[in-house]
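First the structure, in the form of structure tokens, and then the observations on it.
So you know, we letter chains A, B, ... as the sequences are listed, proteins then strands, and number each from 1.
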Number of protein chains: 2
Amino acid sequence: MKITIKKIAEVAGVSRGTVDRALNRRKGVNPEVARRVIEIAEQLGYQPDLAAKGLAAKRYTPKKIGILLCSGGNPFFDEVLEGIHDALDELKVFEVKSSVKFTKGFDLKDQLKKLDEFRQEGIDGLVITPVYSELVAEKLKAMKREGITVVTINTDIDDSGRLAYVGCDYVKSGKAAAGLLGMMNSGKEERVILVVGSQMVLAHAQRLKGIFDTLREDYKNIRVSRIIENNEDDETSYQLIKEALQEDPGLMGICFAGAGHEGGLRAIKELGLAGVLRVVTYDMTDVVKKNLKENVIFATVCQEPYKQGYLGVDILGKYLLTRKRPAETCVYMHIYIATKYTL
Amino acid sequence: MKITIKKIAEVAGVSRGTVDRALNRRKGVNPEVARRVIEIAEQLGYQPDLAAKGLAAKRYTPKKIGILLCSGGNPFFDEVLEGIHDALDELKVFEVKSSVKFTKGFDLKDQLKKLDEFRQEGIDGLVITPVYSELVAEKLKAMKREGITVVTINTDIDDSGRLAYVGCDYVKSGKAAAGLLGMMNSGKEERVILVVGSQMVLAHAQRLKGIFDTLREDYKNIRVSRIIENNEDDETSYQLIKEALQEDPGLMGICFAGAGHEGGLRAIKELGLAGVLRVVTYDMTDVVKKNLKENVIFATVCQEPYKQGYLGVDILGKYLLTRKRPAETCVYMHIYIATKYTL
DNA sequence: CTGAAAGCGCTTACAG
DNA sequence: CTGAAAGCGCTTACAG
């Protein structure tokens, strides 16, 4: 076998308890001794045995992870949640407990409130889809000071002291959608419209940027004739898109950069444009699936939702159990394209 | 905590050793007693603790996994191999050893020989990309009788007694490629050519089927004007495709259903058809990446190579350590589409 | 066929 | 600040 704590203890001439305390940066060790032990461990290439750690952990206070998602009403997060649960299940062996909370959409106040609830309950780590606000960043920093480790998933937030971000590069995902429109371009001058929830949503703004950059550089004969903000609301989406399509009957395509496609798709179908207007969406919800099958949506750009949830929890769990940080602070998901044939 | 072996021992009125022997179907337990122990364990919902199993396993003979890949010269397998190594690394905690062997392409004789080598060395489990031959199926069955558990990845083989198959649904991946050609169809009657390694390679034949089915059903104005067999050889590919393109200058697209695109792509570039002829490929090798970036390949259909390797080993490892079978015998990979923008 | 015991590597309450 | 010891859950060589 390999280097164990026992071996290190022998070499350092101290007890295994002291080695454990030193390596895990626990308090109450002579700094001199600690330094030496750590150095010896590094020299010998010590790798802690996770199985043994897990087993020993069972005797003492369990770790607790909080999960806070802005997913109310957004089916995209069902798959994220699957990943979260699978990772939590695997952590159960190590006696890691968990508690999951949701807010309806990106509601700032509600998020702040739920964060305080978690602080009261007492958690060791948090996986969160943060609302993009300084208030949240501040609160996360305060929680860090209290010893709570934070991992952001799906959306990131600056200067919050988080351990890692697991999610999408949204500019890149914008490019992917533009590439699809380009692929379907006939070679003639054509117009498309873009639909976002709000340009204030960071992810949507970044996707727009990716789309514009790509069209400008690679597909000069595609012009964006209009940007519609639907607030991710289906009724708004329906009205605005219906209008837009009627005013500009020769459109080649439309790209939904955020949620709320259902209404827009309804408008498209009513106007008899299904299968004609090239529709590109994001993610893979039931609505998207249905409309891919019916040839209304041509393709959709995906971002590994399951993995976002799984890795978010996994990275946090590994850190809590072993203080091991992920190799990269930002773990970007694979961006890929799905069609009716890949379902 | 939960139900442990100790608890079961108490309830059954036997020692922990006996419980262990009964639950793991080891020999030398009174059948009556074994039956009762197993029943009690089920009743109590006993779930063995992996960490403890791993720790205990360290004291005794390690398990050994053999890996046998038909990957010589095929860059697609680099990523499969990454997944394999990551999974093996995780198994090291449980003292699982491994040995990896390769054959050059799908060489039947070489595969049979390497299988015998593994038997000699003594392995407990095998992850293999089987050559599609009855001789292989027979040998795998023989190995099963000797107590070796087999998992197939990337390609399956019937009636071989394997524990599971992890890989692609090739008919479906054929459909995905056809869908891409369809997406790029101008609406007019158009012709495409298909390139395979050999129609004798099961995966290629299945992809062809998927492509034909889809074109027939959904894209009636795309006609396959020719099928080229390139033996996955670049020179052959170059020659045949150059000829084909010269004979039929109005082609809309070409789909490479197997390896050996490099030569074909060279022909396309020489004839000045880069960016004009719609090229669809499979998988994501360095050659594919380069040609996506240069706008020669429009899109490529992928099949989670990393995951194939990872899960193949993971499923086998879990089975060897805990006799737990995967939920599904056939674990199908996600099929997805990549473009230059998703790189 | 069965039980008692040792030990896998790590952690912490306890005593000093 | 440090060491000796117990124990997390499981497995097997050993003795009977």
Side-chain angles (χ1 to χ4, degrees), chain A residues 1-38 41 44-63 91-96 318 320-324, chain B residues 1-37 41 44-63 91-96 320-324:
Chain A
M1 249 315 284
K2 314 273 258 326
I3 308 304
T4 67
I5 226 175
K6 188 173 159 197
K7 180 90 183 175
I8 298 170
E10 279 167 21
V11 176
V14 296
S15 73
R16 293 146 73 199
T18 299
V19 173
D20 176 78
R21 286 181 276 254
L23 292 183
N24 292 285
R25 276 74 175 165
R26 300 186 220 285
K27 53 188 64 173
V29 191
N30 184 330
E32 265 307 281
V33 176
R35 217 193 31 69
R36 223 180 68 242
V37 167
I38 290 170
L44 298 178
Y46 171 68
Q47 291 287 100
D49 182 317
L50 282 193
K53 274 195 183 254
L55 198 51
K58 286 189 195 301
R59 288 186 73 191
Y60 309 100
T61 14
K63 298 281 181 193
L91 286 173
K92 273 188 193 151
V93 181
F94 301 106
E95 210 71 349
V96 175
K318 290 215 169 101
L320 292 179
L321 293 171
T322 71
R323 299 287 131 178
K324 187 156 278 173
Chain B
M1 251 314 284
K2 315 272 258 325
I3 306 304
T4 66
I5 225 175
K6 188 173 157 199
K7 181 86 183 176
I8 297 171
E10 279 167 20
V11 176
V14 297
S15 73
R16 292 147 73 199
T18 299
V19 172
D20 175 79
R21 286 180 276 252
L23 292 184
N24 292 286
R25 275 77 173 163
R26 300 185 220 286
K27 52 189 66 171
V29 190
N30 183 329
E32 264 306 280
V33 177
R35 217 193 29 70
R36 223 179 69 242
V37 168
L44 297 179
Y46 171 69
Q47 292 288 99
D49 181 316
L50 282 193
K53 273 194 184 254
L55 199 51
K58 287 190 194 302
R59 289 185 73 192
Y60 309 100
T61 13
K63 298 282 181 190
L91 286 173
K92 273 188 193 149
V93 181
F94 301 107
E95 211 70 350
V96 174
L320 292 179
L321 292 171
T322 70
R323 299 288 131 178
K324 189 157 278 174

Quick one: Ile5(B) CD1 to dG7(D) P, roughly how many Å, whole number? 18 Å
Within the side chain of Arg36(B), is there an N or O that forms a donor-acceptor pair under 3.5 Å with the backbone of Ala12(B)? yes
Residue matched to dA13(D) through Watson-Crick or wobble contacts both under 3.5 angstrom: none
What's the shortest heavy-atom distance between Ala51(B) and Leu55(A), and which atoms? CB-N, 4.1 Å
Quick check: are there more than 12 heavy atoms from other residues, nucleotides or ligands sitting under 6.0 Å from NZ of Lys53(B)? yes
Using purine N1 to pyrimidine N3 plus N6-O4 or O6-N4 for Watson-Crick, or N1-O2 and O6-N3 for G-U wobble, both under 3.5 Å, which nucleotide pairs with dA4(C)? none
For Thr18(A) and dT2(D), is the shortest distance between a side-chain N/O and OP1 or OP2 below 4.0 Å? no
Looking at dC10(C), dC10(D), dT2(D), which one has an atom nearest to any side-chain atom of Ala56(A)? dC10(C)
Specify the separation, in whole Å, of atom CD of Gln47(B) and atom P of dC10(D). 11 Å
So, is Arg16(B) close to the dA4(C) phosphate, meaning a side-chain N or O under 4.0 Å from OP1 or OP2? no
Where do Ile3(A) and Tyr46(A) come nearest, in terms of heavy atoms and distance? O-CD1, 3.3 Å
Taking atom types as they are modelled, would you say the side chain of Arg21(A) forms a donor-acceptor pair with the base of dG3(D) within the 3.5 Å cutoff? yes
Can you check whether Thr4(B) has a side-chain N or O nearer than 4.0 Å to OP1 or OP2 of dG9(D)? no
